[in-house]
Every structure is written in C-alpha cells, then in structure tokens.
**Student:** 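The structure under discussion is supplied below as structure tokens; questions concerning it will follow.
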Amino acid sequence: MTDSPFDVRFDAGQADSRWQAAWDEARCFEADSTSPKPKSYVLEMFPYPSGRIHIGHVRNYTMGDVLARYKKLRGFEVLHPMGWDAFGMPAENAAMERGVHPAGWTYANIATMKRQLKQLGFALDWSRELATCDPAYYGHEQALFLDLYETGLVYRRTSAVNWDPVDQTVLANEQVVDGRGWRSGALVEKRQLNQWFLKITQFAQDLLDGLGTLDNWPEKVRLMQENWIGKSQGLQFGFDLSNGEKLEVYTTRPDTIFGASFVAVAPDHPLAQGVASVNCDAAKFIELCKQGGTTAAELETAEKLGFDTGIGAKHPFTGAWLPVFIANFVLMEYGTGAIMAVPAHDQRDFDFATKYGLPIVRVIAASAEAADAPLTEAEAGDGVCVNSDFLDGKAVVEAKAEVIARLEADGRGEGKTVWRLRDWGVSRQRYWGTPIPFIHCEACGVVPVPKADLPVVLPEDVDFSVPGNPLDRHPTWKHVACPQCGAAARRETDTLDTFVNSSWYFLRFASQPADKPFDAAEVAQWLPVEQYIGGIEHAILHLLYARFWTRALAHCGLIDVQEPFASLFTQGMVTHETYSRDALRIEQRGEITERHNYEEFLDPKAVDLQTSWRANETPPTANSAGIPLIDTFDHNRVIRRGDLLVFPNVLETGQPVTIGKVIKMSKSKKNVVDPEDIIADYGADAVRWFMLSDSPPERDLPWSESGIEGCGRFVQRLWRLFGQYNGAAAGADLALDRKLHQTIAAVGSDIEALSFNKAVARIYELTGGIEKAAPSASRSQAIRQLIVLVSPMMPHLAEEAWARFGLGLVAQADWPQVDPALLVEDEVTVAVQVKGKLRDTLTVAKGLSNAELEALALGSEKVQRSLDGAQVRKVIVVPDRLVNIVA
RNA sequence: GCGGGCGUGGCGGAAUGGUAGACGCAGGGGACUUAAAAUCCCCCGAGCCUUGCUCGUGUGGGUUCAAGUCCCACCGCCCGCACCA
C-alpha cells in the first residue's frame with residue numbers, strides 16, 4: 001500500500017481552484033509585449049455580459065484556450081485576453097423593468113461571468129481585462145471618433161429611421177416586427193432625423209480587395225461579405241423624355257440595350273412623385289406600393305405591378321419611344337431608382353412585360369443562328385448579341401464596352417460602379433452607449449469636444465421610468481458652453497452603436513496606455529490577430545466593421561495594419577434534444593371556456609429515458625420512479641436504442657414524452673444546460689474535453705448526458721494511468737516510442753488546424769496503447785509526455801499529475817520534441833486486392849521493392865483462390881501500401 | 001430565385017484517389033463483487049450456403065487497375081442573401 005495521491009480519484013472539486021490560483025499567482029498568462037519570443041495573438045469574440053455564461057461561450061473559449069495554451073508550450077509569447085462588450089439594450093431593458101441602474105446590472109453580470117470563466121481554467125490575461133462601458137475605454141473611443149471626424153470619415157445627414165412613438169426611441173430594423181415595435185407593439189413610423197454616419201463606403205473597394213488576401217477565413221464568410229459590399233459595374237445614362245425632362249437609369253447589362261422595351265421608376269422616384277402630384281390615380285398606385293409587406297415571403301410572392309405614366313422615353317440608339325412606368329419592384333435606394341427594362345434577359349422585367357403585354361425581344365442568344373429561339377422565361381446567361389444593330393455577333397463583354405464607349409463619347413452616359421454597401425449610421429437615441437463627443441452651438445454649428453475634455457462621461461442619475469432617451473431628458477447634462485465661443489450650447493445626446501465598441505477592442509487589448517487609445521508600436525507587436533474565433537452570426541456586421549475601423553485608423557496614420565484578423569474560425573452551436581408533452585390550457589373568456597392544445601416543453605431533468613425493455617419482452621407498466629405509465633401502447637412514442645425499446649415519459653406522471661429536434665439551446669425550449677452545474681458535477685476538465693470531442697468544431701455539437709459522463713470517466717482513466725509512471729522502469733519499447741511520437745506530431749498539427757476532435761481521438765488511441773504496454777522506460781516516458789499532450793485540453797488534471805516531477809507548472813513546460821526517425825514504421829501492412837477488391841493483407845518490412853511485393857502478393861493463398869487460375873494481366877504496386885492484381 | 005455547405009453504422013464522426021466505419025457514445029456478452037458502483041476483457045454495418053462469400057458511404061450514370069473522395073445529372077436537408085437592375 002502506498003499513500004500516492006494517484007490511489008484516489010482525481011478530485012476536480014478541490015484541484016481545479018487550486019491550480020487556477022497557482023496560475024494567477026505565477027502570472028502565467030500575462031502577455032509581455034517586450035518579450036523576444038515570437039508573438040501569437042489568440043482571440044475569441046468577447047461576450048456581452050448578459051448575466052451568466054452559456055454553453056456556447058464555453059465551447060468558444062475552450063477552443064481558443066487550447067490553441068493559446070498549445071502556442072505557449074511551443075515557445076510563443078501568447079496574448080489571450082478577455083473583456084466585455086458591455087454597452088447595449090438589455091441593460092436598459094433591465095433598468096426599465098426592474099428599476100436597477102444599467103451600470104450596476106452590467107457590472108454585477110461581469111462579476112458573475114468572470115467567476116464562471118475562471119472556473120473553467122482559461123489561460124486568459126486578466127490584467128488586460130476591459131469593459132466597453134468603462135469611461136477608460138469609451139473615452140478613447142471618443143478620441144478615435146474625433147480623429148475619424150478630422151479626416152472626413154464622420155459626417156451628419158438627415159436619414160430615415162424607425163421611430164417607435166410609444167417608447168420614444170429609434171429601433172433597429174431587427175426590432176421592427178411586422179411593422180410594429182418589438183417591445184411596445186406600436187406601429188413604427190419613418191422619421192427623418194439628423195444622424196451621425198461613418199463613411200465606410202469610402203473603403204468599399206479596399207474592403208472587397210482585402211477579402212482576397214484572407215486565405216484563412218472561411219470561404220462562406222468572405223462570400224457573405226462580398227455580397228454585402230455588393231459591387232456591380234455597369235452603365236448610367238440618360239433617357240430623353242417626351243415631356244422634355246431627362247431620366248437617368250442604371251444598368252449592369254448595357255449589352256442588352258436593344259432589347260429594352262420599357263422604362264420603370266421607383267414609386268418614390270421624383271418623376272413618380274411629380275406625376276402623382278397631378279394624377280390622383282398615380283398617387284393611389286404609389287400608396288398601394290407602400291402597403292406591400294417587407295417580409296421575405298411576401299416579397300417573393302409579390303406580383304409585379306406598374307402604372308403607365310403616359311410619358312415616353314427615347315431609346316438612345318433606335319430613337320423608339322418606350323413607355324415609362326412606375327413599378328413596385330424598382331428600389332429607390334439602388335442605382336438611380338430607375339431602370340431600362342429588358343424582359344428577354346431579366347426575370348422581373350419578363351414577368352412585368354408578360355402582365356402588361358409589352359414586347360419581349362431576344363437580344364442575346366447562344367449563337368447568331370439562335371437569334372429567334374423562343375423564350376419561356378428570361379435568359380440571363382452568356383452568349384452573343386442578336387437583333388442588336390451594331391452589336392450583332394459581339395460577345396457580351398465586348399458589347400458592354402462598346403455601348404458604354406458610344407454613350408460616353410456622346411456625353412450621354414458613363415460607365416459606373418454601384419455598391420450595395422451603405423454608409424454606417426451610428427447614432428442611437430439611447431443611454432447605455434458611448435456618448436458622441438460633439439456640442440451643438442447656435443453660432444458655431446457642430447463643434448467637436450476638445451480632446452482635453454474627454455471622456456464625455458455618461459451621467460449616473462438617470463430616470464428610466466418614462467420612455468425616451470434619458471440623456472436628452474436629463475436636467476443638466478446636455479447644457480454646456482460651446483468650446484469655441486463660450487455661449488450656451490447643447491451636448492449631443494445620441495450615443496454610438498455598440499458595434500463601434502467592438503470594432504477596435506482588439507487593439508486596446510494589445511496595448512492599453514492611459515493617455516491614448518493604444519500605442520502604435522505595441523499594437524504592431526501583436527496585430528494581426530493570429531486566430532480569431534467566434535460565431536457565424538458575426539460574419540457580416542462585426543467583422544466588416546472591425547475591418548473598416550482598422551483601415552480607417554490606418555488612414556488616420558494611427559496604426560499600420562490593414563486586416564485585423566489573419567485567420568478566422570466560426571464555431572458551431574451546442575445543441576440539445578428537446579422534450580415536450582401534449583398539454584391543455586383552459587382559458588375563461590367571460591361566458592366562454594376555451595380549450596387550447598399545445599406542446600409544453602419539458603426540462604430534461606423531468607424526463608425519464610430509462611424505462612426500457614427488449615423487443616421480445618412485454619413493456620413495463622411503471623416508469624423508473626414507479627409511476628404507472630400512460631399510453632405505452634402508443635408505438636409512435638417508443639424509440640429504439642440499440643436492442644432496447646425506450647418509452648420516454650414524464651418522471652412524475654408517466655405521461656408520454658415526445659423527443660423533438662436537436663436544436664440550439666434556448667430557454668424557451670428548456671433544452672439548456674448551465675455550465676456551472678456541469679462543472680460542479682464533472683469538473684472543468686471533463687467539460688472542456690466534451691467541448692472538444694466528437695463533433696468537428698465548425699459543426700454543431702449535440703450535448704448529451706452520457707457524453708459528458710464518458711468524458712468524466714476518461715479524466716479518471718488518465719489519472720490512473722498517470723499514477724503508473726515509474727521513473728525506475730527500464731527497457732525500450734520501440735513500438736510505443738513510435739506511437740508516442742506519431743501522436744505528438746499529429747496532435748500538434750490537429751490543434752494548429754483546430755481539428756480538436758481528431759486530436760482527442762489520437763489521445764484516446766495513445767492512452768489505450770500505453771495502458772496495454774508492459775512496463776518500460778519507454779512507457780514511463782510516454783506517460784510523462786502524455787501529461788503535456790493533454791495539458792492544453794485538461795490543464796487542471798495535467799498540473800496535478802505534473803506536480804510530482806517538481807518541474808514547475810505544466811502550463812509553462814515545453815511541448816515534446818518529435819523524433820522524425822520514430823514517425824516512420826519499419827513494418828507496414830500492405831493491402832492486396834484482386835481487381836480492386838481486398839483479398840488479403842500482408843505485414844512486411846517497409847521499403848520492399850515492387851517486384852518483391854508483387855511476388856508476395858501472388859504467393860498469397862487467398863489471392864490464388866480468388867484468381868481461380870485466371871491469367872494475371874497487370875499488377876499495380878503502390879510501395880508500402882497496396883498491390884492490386886488485375887486478372 | 002441567387003449563393004454556399006452537407007448527405008458514411010443506433011448516434012457524434014474518421015478516412016493524402018489505395019484495407020470504409022479510426023476514436024467516442026449507446027448496446028450486448030463475460031470477469032471481479034454478498035450486491036451495486038467503479039474497473040477490466042470480448043463482440044458490435046447488413047445479409048448469407050459463415051475456414052469464407054456477397055452487398056454497403058443519398059440516387060443514377062461516368063472516369064480509373066482502384067471512387068466516400070474526381071466528373072455529370074438528380075433527390076433531400078441546412079445556412080446566408082434576396083425585387084440590387
């Protein structure tokens with residue numbers, strides 16, 4: 001008997017916090033900007049402090065943590081920071097609903113979530129922690145905003161906003177549901193307000209070009225950004241109208257100009273408005289257009305509608321008069337709000353022309369001979385021009401250039417690039433955000449707050465009991481003297497969109513001087529972020545805005561970085577089965593009693609999944625809690641699990657349970673798992689291991705109770721194995737040495753590729769291999785190095801086991817060196833196929849010649865039996881791998 | 001509609017064009033135990049005439065000595081965008 005700690009189970013409950021304290025004390029994970037080591041900046045998208053961390057955070061931060069810890073073991077100086085995206089609406093909602101102050105609510109949440117993150121043992125540099133709601137952060141943001149203002153990247157203009165008349169606030173598009181405010185339910189009005197904008201469109205081309213350099217970003221995200229930026233090249237030209245005016249239209253298909261059979265303008269186009277002012281039918285039509293819904297489904301099914309203005313537009317080449325319509329499918333926001341319509345080659349125009357009996361003339365065909373091939377729908381494809389006068393026979397690209405050149409020569413039009421990307425409106429009429437540092441003066445106009453007066457701090461004494469912007473209502477805050485003339489003036493009461501906060505936080509993490517937003521030289525030490533990890537939901541806005549800010553700050557000369565994130569990884573969600581039962585709700589409405597059947601979602605803890613039987617047995621009549629089962633005869637409710645039949649039921653009632661889809665965890669579906677509970681049950685390392693196992697990190701990870709139990713068992717299994725380390729054991733085990741070194745190499749490359757599920761599988765294999773091996777020096781060495789290999793994933797267990805060596809913290813150890821000689825086997829298993837089908841395998845020395853392999857293969861009894869005397873026609877040999885005999 | 005992705009055992013998933021199903025979970029059998037837990041060992045795609053054979057990676061074709069992998073067509077699911085001229 002010994003009193004080795006390995007004789008008892010690994011006790012995560014006490015070990016986890018002990019090692020977390022040890023890392024803090026050693027300041028292990030504080031990044032040193034002056035270190036001579038190569039730098040590595042690993043960053044996960046910082047969380048919004050909503051209250052508690054959820055399982056998605058755990059997955060996200062575990063992945064980043066494994067990479068950060070691995071990089072550190074590989075000798076990099078690692079920056080792996082954490083902070084809080086702390087401004088935003090939920091804090092104001094809490095203030096309105098519960099009477100708490102947004103700041104108090106936010107900081108309490110931060111405290112809770114920080115404690116929870118610490119429980120997971122993340123290797124974070126907490127010395128760089130920041131919260132965007134801290135004046136020490138947003139004051140610098142105000143300074144940067146002023147810098148952008150000075151270089152002309154900030155401007156003000158009147159713009160339409162969604163205004164909720166009840167809550168007296170501006171709503172984001174996502175907060176408008178079916179035309180009503182999501183909170184108040186009031187009909188949302190369009191209001192013209194003077195808003196602050198950032199000139200992101202100035203960088204449209206650059207943001208697009210930059211995507212081409214982001215080889216380590218998911219193709220999907222680059223495409224989404226490309227579509228969002230939406231570059232199109234075409235022609236803008238003027239039609240002479242029959243009323244003497246001119247109408248500018250934009251087209252990306254100038255090659256189809258001879259197929260134009262009508263012209264259409266948006267309902268809110270000035271021409272349409274002009275017609276409406278003298279024609280009440282036109283005015284009615286425009287009203288009708290505005291009523292159309294804006295949901296995707298409505299748009300898809302919306303009929304193409306038009307109103308003939310009676311005005312003619314003169315075709316620039318044929319001189320024919322084309323009718324001018326007001327059309328519901330033309331958007332004022334894109335191009336010039338007016339189009340030349342070519343029904344033969346645009347489906348919308350085709351639908352419209354069909355409805356209103358307008359000519360449909362083919363002008364592009366697969367070949368000149370197919371010039372009059374019939375059309376049943378618009379053809380948007382490539383081809384050559386037909387029925388097109390001077391363009392006939394020309395290819396599309398050529399024809400586009402020709403038309404643009406001719407109209408440019410006449411001064412009637414010009415080649416033009418149009419973008420879908422709009423400037424970024426950053427004004428929010430809210431309290432809990434960065435105050436926009438400007439002052440409105442009657443005499444001087446809009447005056448920037450002098451940098452010496454920053455930060456412009458939010459007032460603390462604010463009132464949320466009535467709707468509207470508390471900053472605007474505050475009795476004193478907005479009344480200030482004009483910095484230029486000293487006269488009484490008014491402070492800007494809008495605050496910045498919270499996306500601004502997250503557009504530069506990665507710079508502040510890298511360098512945080514007190515007197516300026518960051519130090520350019522220190523930023524240059526760390527940026528770009530080597531690996532950025534977060535959710536796909538940020539594929540467009542956050543990532544585009546951060547790329548824009550980086551460029552804008554470079555444009556101001558503040559940094560010398562173009563792309564902030566060298567590699568991007570978007571992880572999948574954590575999902576869970578849903579459980580529900582049929583339920584009945586009875587509502588009394590005056591005299592009438594209403595009965596509603598509905599599906600009630602159940603907490604997984606309330607569901608019994610243990611009541612099972614064999615297919616040839618009689619089903620039980622009571623569940624695992626002894627409650628009689630209801631409806632066991634309902635075979636639709638019975639599920640198969642291996643050889644067993646399971647009847648899911650409500651533990652307390654025996655009522656049948658429907659197992660629903662595996663979907664993202666959400667409170668309303670009751671399929672959430674609280675990370676803190678599972679850490680308490682299984683320890684941080686088991687939870688981390690689960691997050692990395694099985695599912696590839698970009699895919700969804702289905703949560704399962706048995707899965708986490710398996711991870712908990714593996715933690716103990718490793719612990720027992722670590723206890724078998726024997727420094728005195730002698731003798732070599734070459735096979736185990738090979739397995740070890742192959743695993744070291746594979747786990748390293750798997751982690752670098754973020755293929756954590758594969759690294760996990762390798763570690764299981766090595767663990768099994770060591771367990772089966774007889775005691776030897778090799779075995780002890782393998783155990784010792786296995787501790788280091790698992791340390792990025794299970795840091796607490798690894799520290800506890802590493803402590804026996806007295807070599808300090810495993811977090812500060814070195815990743816094992818790979819001996820390349822041990823990566824190659826001296827024996828290989830060669831597959832022997834006959835006509836491509838496996839017939840035998842041969843274990844032979846590595847490096848046999850093709851002739852030797854062929855001879856061995858032909859000597860195989862199984863091969864000879866399979867050949868059955870047939871003539872061998874050909875033998876393909878892949879050295880050390882395979883012999884294929886073709887008969 | 002446009003763009004992208006994915007279809008492999010009961011489940012999550014492995015597989016540089018070269019032994020399909022590594023590894024984990026679930027399941028089965030056994031050992032240990034008074035018993036349970038824990039642990040350990042074995043089995044675990046389907047079928048059959050079971051020393052082995054046949055079939056098998058959504059469906060149908062094709063390329064190849066060899067296809068989960070490459071090409072063509074189709075089916076299904078998921079995600080994103082959407083009347084963008």
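Chain identifiers are assigned alphabetically (A, B, ...) following the order of the sequence lines, protein sequences preceding nucleic acid strands; residue numbering begins at 1 within each chain.
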**Student:** Looking at residues at least two apart in the chain, or sitting in another chain, which of them share a side-chain hydrogen bond (donor to acceptor under 3.5 Å, both in side chains) with A:Asp840?
**Tutor:** A:Ser860

**Student:** Applying side chain to side chain contact (heavy atoms under 4.5 Å, CB included), name anything that partners A:Asp346, two or more places apart in sequence or on another chain.
**Tutor:** A:Arg348, A:Asp349

**Student:** Taking any heavy-atom pair under 4.0 Å as a contact, classify A:Thr829: base, sugar-phosphate, or nothing.
**Tutor:** base

**Student:** If the C1' atom of B:rA20 is compared with that of B:rA15, how far apart are they to the nearest Å?
**Tutor:** 7 Å

**Student:** Quantified in whole Å, what is the P atom distance between nucleotide B:rC74 and nucleotide B:rC83?
**Tutor:** 27 Å

**Student:** Would B:rG9 be called syn or anti here, given the cut-off of 90° from 0?
**Tutor:** syn

**Student:** Contacts to RNA chain B from residues 250-264 of chain A, heavy-atom cutoff under 4.0 Å, which residues?
**Tutor:** A:Tyr250, A:Thr251, A:Thr252, A:Arg253

**Student:** Tell me, which stems hold RNA chain B, with a stem being 3 or more Watson-Crick or G-U pairs in a row and both distances under 3.5 Å?
**Tutor:** B:1-7 with B:75-81, B:10-12 with B:23-25, B:27-31 with B:39-43, B:45-48 with B:52-55, B:58-62 with B:70-74

**Student:** Expressed as a whole number of angstroms, how long is the span from A:Lys835:NZ to B:rA67:C1'?
**Tutor:** 18 Å

**Student:** Distance between the P atoms of B:rA22 and B:rA66, in whole angstroms?
**Tutor:** 26 Å

**Student:** Please list each protein N or O that sits under 3.5 Å from an N or O in nucleotides 44-47 of chain B, with the distance.
**Tutor:**
none

**Student:** Kindly write out the residues that satisfy ring-ring contact (aromatic ring centres under 6.0 Å, His included) with A:Phe258, not counting sequence neighbours, or none if the list is empty.
**Tutor:** A:His315, A:Phe317, A:Phe390

**Student:** Please state the P separation for the pair B:rG17 and B:rU69 - nearest whole angstrom.
**Tutor:** 12 Å

**Student:** Under 4.0 angstrom, heavy atoms only, what part of the nucleic acid is A:Arg713 near: base, sugar-phosphate, or nothing?
**Tutor:** sugar-phosphate

**Student:** Distance check needed: B:rC84 P versus A:Asn328 CG, whole Å only.
**Tutor:** 12 Å

**Student:** Checking all strands, does A:Leu223 fall into the base, sugar-phosphate, or nothing category for heavy-atom contacts under 4.0 angstrom?
**Tutor:** sugar-phosphate

**Student:** Using atom NZ of A:Lys772 as one end and atom P of B:rC41 as the other, report the distance to the nearest whole Å.
**Tutor:** 6 Å

**Student:** Between A:Asp750 and A:Lys758, does any NZ, NE, NH1 or NH2 come within less than 4.0 Å of an OD or OE carboxylate oxygen?
**Tutor:** no

**Student:** In terms of side-chain heavy atoms, does A:Tyr579 have a donor or acceptor partner in A:Glu577 at a distance below 3.5 Å?
**Tutor:** yes

**Student:** Under a 3.5 Å cutoff, is there a donor and acceptor pairing between the side chains of A:Arg762 and A:Thr743?
**Tutor:** no

**Student:** Tell me whether the centres of the aromatic rings in A:Phe262 and A:Phe352 are closer together than 6.0 Å.
**Tutor:** yes

**Student:** Could you tell me the separation between the NZ atom of A:Lys416 and the P atom of B:rA85, rounded to a whole number of Å?
**Tutor:** 14 Å

**Student:** Can you measure A:Arg420 atom CZ to B:rG3 atom P for me and round it to whole angstrom units?
**Tutor:** 16 Å

**Student:** Starting at atom CE of A:Met573, determine the distance to atom P of B:rG80, rounded to an integer number of angstrom.
**Tutor:** 9 Å

**Student:** Between protein and nucleotides 11-18 of chain B, map the contacts as a letter string: B base, S sugar-phosphate only, - none, heavy atoms under 4.0 Å, written 5' to 3'.
**Tutor:** -BSSSB-B

**Student:** Can you spot which of A:Leu247, A:Val403, A:Ile257, A:Ile404 makes a side-chain contact (heavy atoms from CB on, under 4.5 Å) with A:Phe237?
**Tutor:** A:Ile257

**Student:** Judged by each residue's nearest nucleotide on RNA chain B, which is more toward the 5′ side, A:Glu771 or A:Trp419?
**Tutor:** A:Glu771

**Student:** Work out how far the C1' atom of B:rG76 is from that of B:rA82, and round it to whole angstrom.
**Tutor:** 23 Å

**Student:** What integer distance in Å separates A:Phe714:CZ from B:rU39:P?
**Tutor:** 13 Å

**Student:** Could you work out, with salt bridge (Lys or Arg N to Asp or Glu O under 4.0 Å) as the rule, every residue matching A:Glu861, not counting sequence neighbours?
**Tutor:** A:Arg865

**Student:** Run the salt-bridge test on A:Arg720 and A:Glu771 with the 4.0 Å N-O cut-off and return the result as yes or no.
**Tutor:** no

**Student:** Between B:rC23 and B:rG9, how far is it from one C1' atom to the other, in whole Å?
**Tutor:** 14 Å

**Student:** Looking only at side-chain atoms of A:Lys220, point me to the closest of B:rG80, B:rC25, B:rC79.
**Tutor:** B:rC79

**Student:** Which residues pass the ring-ring contact (aromatic ring centres under 6.0 Å, His included) test with A:Trp719, not counting sequence neighbours?
**Tutor:** A:Phe6, A:Phe10

**Student:** On a whole-Å scale, what distance lies between the P atoms belonging to B:rC72 and B:rG21?
**Tutor:** 29 Å

**Student:** What is the separation between atom OH on A:Tyr334 and atom P on B:rA82, rounded to the nearest whole Å?
**Tutor:** 13 Å

**Student:** Going by an N to O cut-off under 4.0 Å, is there a salt bridge joining A:Glu226 and A:Lys231?
**Tutor:** no

**Student:** Let's see if you get this right: which residues in residues 840-860 of chain A place a heavy atom under 4.0 Å from RNA chain B?
**Tutor:** A:Thr841

**Student:** Residues in side-chain hydrogen bond (donor to acceptor under 3.5 Å, both in side chains) with A:Glu752, at least two apart?
**Tutor:** A:Tyr70

**Student:** Between B:rU59 and B:rG10, how far apart are the C1' atoms? Round to whole Å, please.
**Tutor:** 23 Å

**Student:** Residues in salt bridge (Lys or Arg N to Asp or Glu O under 4.0 Å) with A:Glu854, at least two apart?
**Tutor:** none

**Student:** Using the benzene-type ring in the case of Trp, are the ring centres of A:Tyr682 and A:Phe690 under 6.0 Å apart?
**Tutor:** no

**Student:** Over all strands shown, is A:Val330 touching base, sugar-phosphate only, or nothing at heavy-atom distances under 4.0 angstrom?
**Tutor:** base

**Student:** Would a line drawn from the ring center of A:Phe756 to the ring center of A:Trp689 be shorter than 6.0 Å?
**Tutor:** no

**Student:** What is the nucleic acid contact for A:Arg839, judged by heavy atoms within less than 4.0 Å: base, sugar-phosphate only, or nothing?
**Tutor:** sugar-phosphate

**Student:** With the threshold set at 4.0 Å, does a side-chain nitrogen-carboxylate oxygen contact exist between A:Arg422 and A:Glu333?
**Tutor:** no

**Student:** Measure from the ring center of A:Phe325 to the ring center of A:Phe307 and say whether it is less than 6.0 Å.
**Tutor:** no

